[in-house]
Number of protein chains: 2
Amino acid sequence: MPPKTTQNPPPRTRVGERIDRMLALLEQQVPMTRRVVHAGDTVYQASDPLTCLYIIHSGLFKTVNLSPDGREQVAGLHFKGDWLGFDGIAENQFACDAIAMDTGEVWAVRYDALLAACTTIPQLLAGFHMAMSRQIGRDRDTMLALCTLPADARVADFLRYWADSMEQRGLRTDQITLRMTRAEIGNYLGMKLETVSRALSRLERDQVIGFTEKGRRDVHIPNVRALSDFVQRSLAHAA
Amino acid sequence: MPPKTTQNPPPRTRVGERIDRMLALLEQQVPMTRRVVHAGDTVYQASDPLTCLYIIHSGLFKTVNLSPDGREQVAGLHFKGDWLGFDGIAENQFACDAIAMDTGEVWAVRYDALLAACTTIPQLLAGFHMAMSRQIGRDRDTMLALCTLPADARVADFLRYWADSMEQRGLRTDQITLRMTRAEIGNYLGMKLETVSRALSRLERDQVIGFTEKGRRDVHIPNVRALSDFVQRSLAHAA
DNA sequence: CGGCTGGTTGAGGCATCTCAAACGCAGTGG
DNA sequence: CCACTGCGTTTGAGATGCCTCAACCAGCCG
């Protein structure tokens, strides 16, 4: 039996509380429509006109960026409390596809209604800006990882980010289900699926992660710190 | 004598007009302080508390992201009309260093004053959000290039972006001065300085760019389209 | 002049990609 | 129940693009 770091009910977290406050604020102050989605459903598509932004109430989403010449990339992963659609504000139409990777619920908020509400509710405006800012910060960190980490470490860092996101939201982090194929992970991390597979195998061999019973899609993470340590070791070893 | 695509005075451009309108709006409606900077000056540093955002009135700036373990990366390049400091809104303190690469001027606007003005001037709020959104879109495009383009194409795409940015602002695009060393370019693009140097040499050999007289820091771009074409050829050749 | 910084170029090594084979699992239809 | 197929994964072997290391060059400044 693998070691458990925690099996307690979700603890209240600072991030979790912030998210809940924001959701409650929206619910009370801004008209919105709830929408239940299932794996594969698109929330919006590139070139759709922007009328709504979407905030994730539950579930897991990806945004897929694609260039005129047909290259495409998973540009971001989004969890409860994240917004979808910031990319569309500049041109008044979306620049990515936003796709559900799992059953979940998004709240659609008309952008004009949101702005109207923001003029009278400062916390709403502040929360909105913080969300955009956080998105920018995350993208920057992703770029940093892409540019400075070798493949193995990039995969480890990816898992660490996933686990951190779960933890911040009060969800269990010791066992996560990757709802992405190796090819998708590779696309996100800028490497080929075989490289992802090898990296995961090495992480397993080093006891940093484990796989649960049948199938190798659920990842067992006994200790999130071990992932960070693995990244650091990769860097130290290179130097 | 190299061919000239244009030697006209800067044409009015749509982007240029948008930028000028935004600058004028700020000037009229929001208290701000102008600050002249020179190459190497820092506009703000990571972990500084955020009180102001900065909009670029002239000059060229970079933002440098750094991780706790000491890795660092040039995360963005910023021209006239771009804002600096979005990264700091989430945590109320900056997450990057913002550094001038040239003589220029930034306008510092207190964030609280900006928000206050935004509540009464909808165009200001709209412009502000568009700027953040544009930043997100750019970061996404950068990630796409990092993940899908080989080194040569990445350098070509970098130059294309630079030239496009100049053109959008009504500046001449046939000859640009890279105020970055090869090492800095490489850091930004996720490759080593030697690789950048080789890529530039190949672009020169293929007549896609030229170098002006002495020194190889000024790049001559007779035709921006040729850079895009080079990128496409790299992709086609790979497939 | 001599030292320094930044750039170019070559040779060899290594990380990642490519190509290929085989496996496990789920779904389907006999 | 058992082929049989299809998709996602793993693993190996060889190719290659980029990195590393090193030499050399050009401009700049004290």
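To find a chain, count down the sequence lines: A is the first, B the second, and so on, and within it residues start at 1. Everything numeric here is computed off the predicted structure, so don't read it as measured data.
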Under the side chain to side chain donor-acceptor pair (under 3.5 Å) rule, collect the residues that match up with [X], sequence neighbours excluded.
{"X": "A/R216", "answer": "A/E204"}
{"X": "B/R205", "answer": "none"}
{"X": "A/S47", "answer": "none"}
{"X": "B/R233", "answer": "none"}

Expected string for nucleotides 17-30 of chain D under the B/S/- scheme (protein heavy atoms, under 4.0 Å, primed atoms plus P, OP1, OP2 as sugar-phosphate) is -SSBB-----S---
List in chain and number order the residues that pass side chain to side chain contact (heavy atoms under 4.5 Å, CB included) with B/A46, two or more places apart in sequence or in another chain; answer none if no residue qualifies.
-> B/L66, B/D97
Can you name the residues that form a side chain to side chain contact (heavy atoms under 4.5 Å, CB included) with A/R71, not counting sequence neighbours?
-> A/S67, A/D69, B/L144, B/T148, B/L149, B/L235
Does a nitrogen or oxygen in the side chain of A/R216 sit under 4.0 Å from OP1 or OP2 of D/dT9?
-> no
Round to a whole Å and report the spacing from [atom1] of [X] to [atom2] of [N].
{"X": "A/E184", "N": "D/dG8", "atom1": "CD", "atom2": "C1'", "value": "12 Å"}
{"X": "A/D218", "N": "D/dG8", "atom1": "CG", "atom2": "P", "value": "16 Å"}
{"X": "A/L200", "N": "D/dT9", "atom1": "CG", "atom2": "P", "value": "9 Å"}

Count the heavy atoms belonging to other residues, nucleotides or ligands that lie under 6.0 Å from CD of A/E91, then report whether that count exceeds 12.
-> no
How sharply is the helix from C/dC1-D/dG30 to C/dG30-D/dC1 bent, taking the axes over five pairs at either end and rounding to 10 degrees?
-> 20°
Nucleotide range of DNA chain C contacted by chain B, 5' to 3', under 4.0 Å to a heavy atom?
-> C/dG7 to C/dA11
What residues form a ring-ring contact (aromatic ring centres under 6.0 Å, His included) with B/F158, not counting sequence neighbours?
-> B/W162, B/Y188
Output every pair passing salt bridge (charged side-chain N to carboxylate O under 4.0 Å, His left out) with a member in residues 137-149 of chain A, not counting sequence neighbours, ordered by first then second residue.
-> A/D139-B/R140, A/R140-B/D139
Return each pair, listed once, that meets salt bridge (charged side-chain N to carboxylate O under 4.0 Å, His left out) where at least one residue sits in residues 184-196 of chain B; pairs must be two or more places apart or across chains.
-> B/K62-B/E184
